[in-house]
Amino acid sequence: MKPILTSLIVTSLMTSLSTFAKQTCIDIENEVWSNNQCTKIETYKSTQLTSSPALAIILHGDAHNYQPAEQYRIAQKLASQQKMLLLLAC
């Protein structure tokens with residue numbers, strides 16, 4: 001997918017989520033409405049970014065060996081080790 005198209009899709013998605021979150025969640029910078037509840041999200045960025053970084057979304061899983069906040073630690077570690085990466089963890 002071309003970078004401009006990808007940017008437009010991500011911007012559109014984030015605008016839609018933000019609009020919906022405003023109606024249902026208090027902290028729209030760190031929460032999105034999902035499955036009838038506010039879901040916490042955290043955003044991490046590589047130190048080196050240009051206008052079209054790669055987007056990665058880290059979701060928590062049901063794996064028994066992961067701590068509940070493991071997705072945040074993984075996203076933070078990836079952001080500190082990689083270039084050109086924008087990460088959303090939830």
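Each residue takes its place number in the sequence, starting with 1. Only heavy atoms go into these numbers, but all of them, side chains included; no hydrogens, no water, no symmetry mates. Here the structure is a predicted model, which means the values were calculated and not measured.
- In this structure, the separation between CD1 on I57 and OG1 on T43 is 10.0 Å, given to the nearest 0.5 Å.
- With rounding to the nearest 0.5 Å, the separation of CG in L88 from OH in Y44 is 10.5 Å.
- For K40, the side-chain hydrogen bond (donor to acceptor under 3.5 Å, both in side chains) partners two or more places apart in sequence, or in a different chain, are E42.
- Considering every non-hydrogen atom in both L85 and P53, the closest pair reads N-CB, 4.2 Å.
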Cut-off 3.5 Å, no hydrogens considered: what does the side-chain donor-acceptor table look like for residues 73-82, sequence neighbours left out?
residue: R73; atom: NE; partner: E70; partner atom: OE1; Å: 3.4
residue: R73; atom: NH2; partner: E70; partner atom: OE1; Å: 3.0
residue: S80; atom: OG; partner: K77; partner atom: O; Å: 2.8

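- The distance from atom OG1 of T50 to atom CD of Q48, rounded to the nearest 0.5 Å, is 10.0 Å.
- Taking CD1 of I41 as the start and CG of L59 as the end, the distance is 11.5 Å to the nearest 0.5 Å.
- Between E31 and T39 the shortest side-chain heavy-atom distance does not fall below 4.5 Å.
- The closest side-chain heavy-atom distance from L87 to I58 is below 4.5 Å.
- One distance of note links SG of C25 with CD of Q37; it measures 9.5 Å at 0.5 Å rounding.
- For K83, the salt bridge (Lys or Arg N to Asp or Glu O under 4.0 Å) criterion is met by no residue, not counting sequence neighbours.
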